[in-house]
Trainee: 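Take this structure first; my questions come after.
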Amino acid sequence: MSETEKHWVDVMALADLEDNVLTAASLGETPLVLLRTGEEVRAFGGKCPHKGAPLEQGAVCKDKFGVSQIVCPWHKACFSAESGRLIEPLALDPLPAYPVEIHDGRVLVGSVPREWPAPNSMRDSETAVIVGAGAAGVTAVVTLREEGFAGRIVLISPESDLPYDRTALSKMVLGSKPEDLNIPPIRSEEWYEANNIERLTDKLDRIDIDARTVYLHENDPIQAEHILLATGSVATRPNLPGADLKGVHVLRTAKDAKAIVDEAGPDQTAVLIGASFITMEAAAALRKRGVGVTVVSRENIPFESKFGHEIGTRMRQLHEANGVAFVPDCEVKQIGGGEKVEWVLLDDDTKLNADFVIAGIGVKPIADYVKDHHAAIDGGIDVDDHMRVAPGVYAAGDIAHFPHDGKRYRIEHWRTAQCQARLAARTMLGLPADDLPTPWFWTQQYDKKLEYVGWPEKFDAIDFEGDLDNFDFLAKLRHEGKIVGVIGAGRAKQIAKLAVNFNDA
């Protein structure tokens, strides 16, 4: 549609817009947000393209370079406040940007968003192999095509399912009835076809880093100019008598989630081993289904090492108010039954009835295909600050052991994996790449959401503001007086700003 064919809609008086505040508006049924800076107004789509969060509840802030950004309130996707381009995930698409004119003190918005210019096509004779189709793998594929990579892309995964949102498994999927089960894909089948992405179901046996060649379990080896290793982690299964009985589960894959949902009826009883974030999210989802839940853990207070005693205690109270039973300071020493789980035996010889068991006792990075000096001490793969393992070979996500501020970290967060993958993909193409943002993650349990922003560091003090009992608070974690992390509940805008510029904490 040409400029003269656009239909202009009067949406608001200029005087009703505050400077640097996101204001909700609409084009008929299409939601917008307007952003005023002085006498200039910009208009963007009003819903985050990731999960549809209302952006007027988000934040506008500047990064350390002074670049103004719009930050999604739910999952902290960041967009340019100038153009709407994507800066950081969880979203993988930019914001629609609409033309704006000001006439007689009124804000007029064009009915059709601006078209994004097609990227310059590059490297059409090259091959990129992405091993792993989780958060990092799919983000890398999207970024390569977004930036104009025109060569061959092969996306390899051991799972035949369309790549999906793994965070939904414990937060939403377990609360579904079998007939309503929906595991959201990250991208549609049509998207992969339209963007000429080869999806290959296979496992990586080994990699020749110097020759940039991946050797697969069933298919021929593939040599490539660019390789991204994004193989993720595998859930740790309990090493106990009876752990191989039917009804003993871990929760890492769509197959795991489907198996749990199939037997998680309201007349069932589950024993959950461990008090990890995955386990406690699963406990909340199962209680919504009416499943009886008992959590057995060595810890008396869940999340105490991550969130501190006060927040951990409040989270335990939340679960207990919703019917979860805790058996702290104990371990499971045996799982028993016939062909299927019937009970678990604790180390104090208490026997608990159980129709099924979920073990949430950690994960292990899948990186055993790297045997040489590239293997990290913690089981991951050492990378540099641009996610390079070696020339032409990169790693991202759970396996990446990366440097920051003189230390090395391996972080198992969805957003961190996506940010690392964007960094790796842009580096492959010789494009400028920013530093990784401060890690952020969230946990959703019942109707309460906690957000954490910061690097995983020890802390010796916590400063609270707000109301912990009612989940409306901000907690600053300090180590020797320095703020190393911030936890928020009901403080989406404050956390959004810190996710962009943690130095403002």
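FYI, the numbering just counts along the sequence from 1. Only a predicted model underlies this, so the values are computations on that prediction, with no experimental measurement involved.
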Trainee: Quiz question: by atom type and distance under 3.5 Å, do the side chains of Gln418 and Thr416 form a donor-acceptor pair?
Mentor: no

Trainee: Just by modelled atom types, is the Val383 backbone N or O under 3.5 Å from a matching donor or acceptor in the Arg408 side chain?
Mentor: yes

Trainee: Heavy atoms only: give me the nearest Pro119-Arg145 pair and the separation to one decimal.
Mentor: CG-O, 4.1 Å

Trainee: For residues Thr23 and Glu56, is any side-chain donor paired with an opposing acceptor at under 3.5 Å?
Mentor: no

Trainee: What heavy-atom pair brings Ile130 and Ala140 nearest, and what distance separates the two atoms?
Mentor: CD1-CB, 4.3 Å

Trainee: Show your working on salt bridge (Lys or Arg N to Asp or Glu O under 4.0 Å) between Glu451 and Lys76 and close with a plain yes or no.
Mentor: CA-CA 10 Å; Glu451 302 180 78; Lys76 308 306 176 269; 2.6 Å; yes

Trainee: With distance as the sole test, does Arg426 use its side chain to make a donor-acceptor pair with the main-chain N or O of Leu431 at under 3.5 Å?
Mentor: no

Trainee: Mind listing the closest non-hydrogen atom pair of Asp398 and His413 along with its distance?
Mentor: OD1-N, 4.5 Å

Trainee: After noting the C-alpha distance and the side-chain angles of Arg187 and Asp165, does the key distance pass the salt bridge (Lys or Arg N to Asp or Glu O under 4.0 Å) rule?
Mentor: CA-CA 9 Å; Arg187 277 289 196 256; Asp165 182 350; over 6 Å; no

Trainee: Are Phe277 and Phe303 close enough that their ring centres sit under 6.0 Å apart?
Mentor: yes

Trainee: For Thr231 and Ile366, indicate whether the former's side chain and the latter's backbone hold a donor-acceptor pair under 3.5 Å.
Mentor: yes

Trainee: Show, in sequence, the C-alpha distance, side-chain angles and deciding distance for Glu189 and Arg199, and conclude whether the side-chain contact (heavy atoms from CB on, under 4.5 Å) test is met.
Mentor: CA-CA 10 Å; Glu189 184 72 52; Arg199 289 181 52 227; 3.3 Å; yes

Trainee: Could you tell me whether Lys171 atom NZ has more than 12 heavy atoms of other residues or ligands within 6.0 Å of it?
Mentor: yes

Trainee: For a side-chain contact (heavy atoms from CB on, under 4.5 Å) check, start with the C-alpha distance between Trp116 and Ser83, then their side-chain angles and the critical distance, and finish with the verdict.
Mentor: CA-CA 10 Å; Trp116 287 94; Ser83 66; 4.3 Å; yes

Trainee: Starting at CG of Leu174, measure out to NZ of Lys258 and round the result to the nearest 0.5 Å.
Mentor: 13.0 Å

Trainee: Checking salt bridge (Lys or Arg N to Asp or Glu O under 4.0 Å) for the pair Arg491/Asp472: CA distance, chi angles, key distance, verdict?
Mentor: CA-CA 7 Å; Arg491 303 297 180 95; Asp472 180 16; 2.9 Å; yes

Trainee: Flag yes if more than 12 heavy atoms outside Lys47 fall under 6.0 Å of its NZ atom; otherwise flag no.
Mentor: yes

Trainee: Does Glu40 pair with Arg36 as a salt bridge, N-O distance under 4.0 Å?
Mentor: no

Trainee: Using the side-chain contact (heavy atoms from CB on, under 4.5 Å) rule, take Val60 and Leu22 through it: C-alpha gap first, then chi angles, then the decisive distance, then the call.
Mentor: CA-CA 7 Å; Val60 179; Leu22 294 167; 3.4 Å; yes

Trainee: Could you label the plane-to-plane angle of the Phe441 and Phe307 rings as parallel, tilted or perpendicular, counting under 30° as parallel and over 60° as perpendicular?
Mentor: parallel

Trainee: Rounded at 0.5 Å granularity, tell me how far NE2 in His226 sits from CD1 in Ile153.
Mentor: 10.0 Å

Trainee: Nearest 0.5 Å, please: how far is CH2 in Trp414 from CZ in Arg166?
Mentor: 6.5 Å

Trainee: Please report the shortest heavy-atom distance between Met12 and Asp16, naming the atom on each side.
Mentor: CG-CB, 4.0 Å

Trainee: Between Asp384 and Arg388 (salt bridge meaning N to carboxylate O under 4.0 Å), is one present in this structure?
Mentor: yes

Trainee: Can you list everything that forms a ring pair (Phe, Tyr, Trp, His ring centres under 6.0 Å) with Tyr446? Sequence neighbours excluded, please.
Mentor: His319

Trainee: Assess whether a salt bridge exists between Lys497 and Asp504, defined as any Lys/Arg side-chain N lying under 4.0 Å from an Asp/Glu carboxylate O.
Mentor: no

Trainee: Any carboxylate oxygen within less than 4.0 angstrom of a Lys/Arg side-chain nitrogen, looking at Arg422 and Asp434?
Mentor: no

Trainee: What class does the angle between the rings of Trp440 and Trp442 fall in, given that below 30° is parallel, 30 to 60° is tilted and above 60° is perpendicular?
Mentor: parallel

Trainee: Atom OG1 in Thr279, atom CD in Glu281: separation rounded to 0.5 Å?
Mentor: 9.5 Å

Trainee: I would like to know whether Glu126 and Arg152 meet salt bridge (Lys or Arg N to Asp or Glu O under 4.0 Å); could you show each step before the answer?
Mentor: CA-CA 6 Å; Glu126 297 180 354; Arg152 181 189 182 198; over 6 Å; no

Trainee: State which residues pass salt bridge (charged side-chain N to carboxylate O under 4.0 Å, His left out) with Asp467; sequence neighbours excluded, sorted by chain then number.
Mentor: none

Trainee: Side chains of Trp8 and Glu101: donor-acceptor distance under 3.5 Å anywhere?
Mentor: no

Trainee: Looking at Lys64 and Asp435, is any side-chain nitrogen of the basic one under 4.0 Å from a carboxylate oxygen of the acidic one?
Mentor: yes

Trainee: Nearest 0.5 Å, please: how far is CD1 in Ile87 from CD in Gln69?
Mentor: 3.5 Å

Trainee: If we count only N and O atoms by modelled type, under 3.5 Å, do the side chains of Tyr164 and Glu159 hold a donor and an acceptor together?
Mentor: yes

Trainee: So which atom in Ile102 and which in Val100 form the shortest heavy-atom distance, rounded to 0.1 Å?
Mentor: CD1-CG1, 4.2 Å

Trainee: Would Ile495 and Val486 count as a side-chain contact (heavy atoms from CB on, under 4.5 Å) here? Give the steps.
Mentor: CA-CA 8 Å; Ile495 294 293; Val486 179; 4.0 Å; yes

Trainee: If you take all heavy atoms of Ile70 and Leu95, which pair is closest and at what distance?
Mentor: CD1-CD1, 4.4 Å

Trainee: Heavy-atom distance under 4.5 Å between the side chains of Arg106 and Leu14, does that happen here?
Mentor: no

Trainee: Could you verify whether a donor N or O on one side chain and an acceptor N or O on the other, from Glu457 and His479, lie under 3.5 Å apart?
Mentor: no

Trainee: Counting only heavy atoms not in Asp104 (residues, nucleotides, ligands), do more than 12 fall under 6.0 Å from its CG?
Mentor: no

Trainee: Working to the nearest 0.5 angstrom, can you tell me the gap between Ile358 CD1 and Asp256 CG?
Mentor: 9.5 Å

